[in-house]
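Just below is one structure, and these are the notes that go with it.
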Amino acid sequence: MSASALQQAQGFLDFVNESPTPYHVVSTVKNELKKHGFQELSERSNWAGKIKKNSKYFVTRNASSLIAFAVGGEYQPGNGFAMVGGHTDSPVLRIKPISKQSKEGYHQIGVEPYGGGIWHTWFDRDLSVAGRVFVNYPDTGKCVAKLVKINRPLLRIPTLAIHLTKDRYVKFEFNKETQFKPIAGLVNSSSSSSSSKPVEARDGCCKGEELTEEEFHSVKTTIERHNKELLDLISQELDIEPSQIEDFELVLYDTQPSCLGGMKNEFIFSPRLDNQVTCYSATEALVKSAADGKLAKSSGIQLISLFDHEEIGSLSAQGADSSFLPNVLERLTRLTANPQVDLTSELPSSYFLTTMAKSFMISSDMAHGVNPNYTENYEAYNCPHLNDGPVIKINANQRYVTNSAGIVLLKKIGNLSKVPLQLFVIRNDSPCGSTIGPMISAKLGVRTLDLGNPQLSMHSIRETCGSADIEKLVALFESYFENYSTLEDTISVDGVE
Ligand SMILES: [Zn+2]
């Protein structure tokens, strides 16, 4: 592997190891963007006069979705946008709102599956906790969201010994409510804070009118709902008192770091390849293509949109099926002509429509590389290989929205950047996944193509991809950002101007 490919692979390992949750992904991307001169915008304020040519910006929603864009120095209203879309979330186990449990002397934490994970891979892994915590500061009266990531194994979902199973695991099946519950420690006599029925024991105790304002809680306090030792660990991590924890969204993650693998480091063994490979590669490409000097000559807008909630269908305030991207695009198409004038009232909405008609979205999500032990599950003539480059995904039934116009464009970009591209179609007798591509193209009327790097074991807690493919995806996106404005004009689809 070349030194530059190794460098990009290493960059990705650092990225994914920093980012166990969508909140961490957004924070990691934000830090990278800020380091390279991107300015933060807020959806809560007016952007009139703030957006300037030859400048770069980002905005977040719910701190778990992010849109970043760079405005070319030659940009004129109505010019097309080159966009890359991806998602920040991965299948995971999330701590339940009331999670404190114990059984047979074990502390246990109640968890709820998020998305379609290969859940049996979560057994016997060294798990810990990460996420977002709302911290109450009584002196200021404010609640502030803080990220937390505990860096040591705390939990484990134990399998049953093979000697105790009747079928010797001919088929590994389990009940997701009763047998998929992590153990987090042992209840010893000195810390018997957990009872087996903590919730029922406290039900019906709140006669609000008899309590003072400090004593009354509309919802049980976090200390009542969750394991005390867990809250102590989180408080230590954040340097606060447990009583300051108002609420949280915490998930489990595998503490084994993402790493290179294979006899020649051909592979990356890692959690969350789907879809942090896109989050990393799109960010790197945008930073490179928006570097000083390059952006000044660009006549378009280069944009990345990284959405939460893809794994559960994208329908939320910050998912790909939300107003987030349309809202940002609408603001941009009305504001970017002249920084001295507030153009909100001067540019008609038709600018939005012409811009969308000239724009393009690469919907980037991981693809299925061929698994040598299961070749019968792949279409024989369309099975991608690791380290042979990004995969264009095609589906006649539009689960992927790639069409020939998009392929023509990507071929040109691949040729310019010397990045090989592979093609993928699912077997006719197999179900097909989908991506954010169909919903974004339908919502915006923007030409879209589905593409992504090949990987094995998609949605396992530990996935595998090719280490040399990271550099290829970065190079492809970078070339797309830099050349789209020129190439767009050379592909005639509807035949009229
Ligand atoms: Zn995905």
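Counting starts at 1 for both ligands and their atoms, in listed order.
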**Item:** Under 2.8 Å from the Zn ion (ligand 1) - protein N/O/S, by chain and number
**Value:**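 Listed by chain and number: His87 NE2, Asp274 OD1, Asp365 OD1, Asp365 OD2.
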**Prompt:** Are Glu471 and Ser4 linked by a side-chain donor-acceptor pair shorter than 3.5 Å?
**Reply:**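 Yes - a donor-acceptor pair under 3.5 Å links their side chains.
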According to the interplanar angle, ranging from 0 to 90°, do the rings of [X] and [Y] count as parallel (below 30°), tilted (30 to 60°) or perpendicular (above 60°)?
| X | Y | value |
| --- | --- | --- |
| Phe172 | Phe174 | tilted |
| Tyr280 | Phe15 | perpendicular |
| Phe307 | Phe324 | perpendicular |

**Message:** Quick test of your reading of the model: are Glu488 and Lys358 salt-bridged, counting only N-O distances below 4.0 Å?
**Reply:**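 Looking at Lys358 together with Glu488, the answer is no, because their closest N to O distance does not fall below 4.0 Å.
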**Request:** Please indicate whether Lys443 has more than 12 foreign heavy atoms, meaning atoms of other residues, nucleotides or ligands, lying under 6.0 Å from its NZ.
**Result:**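 More than 12 heavy atoms, drawn from other residues, nucleotides or ligands, come within 6.0 Å of this atom.
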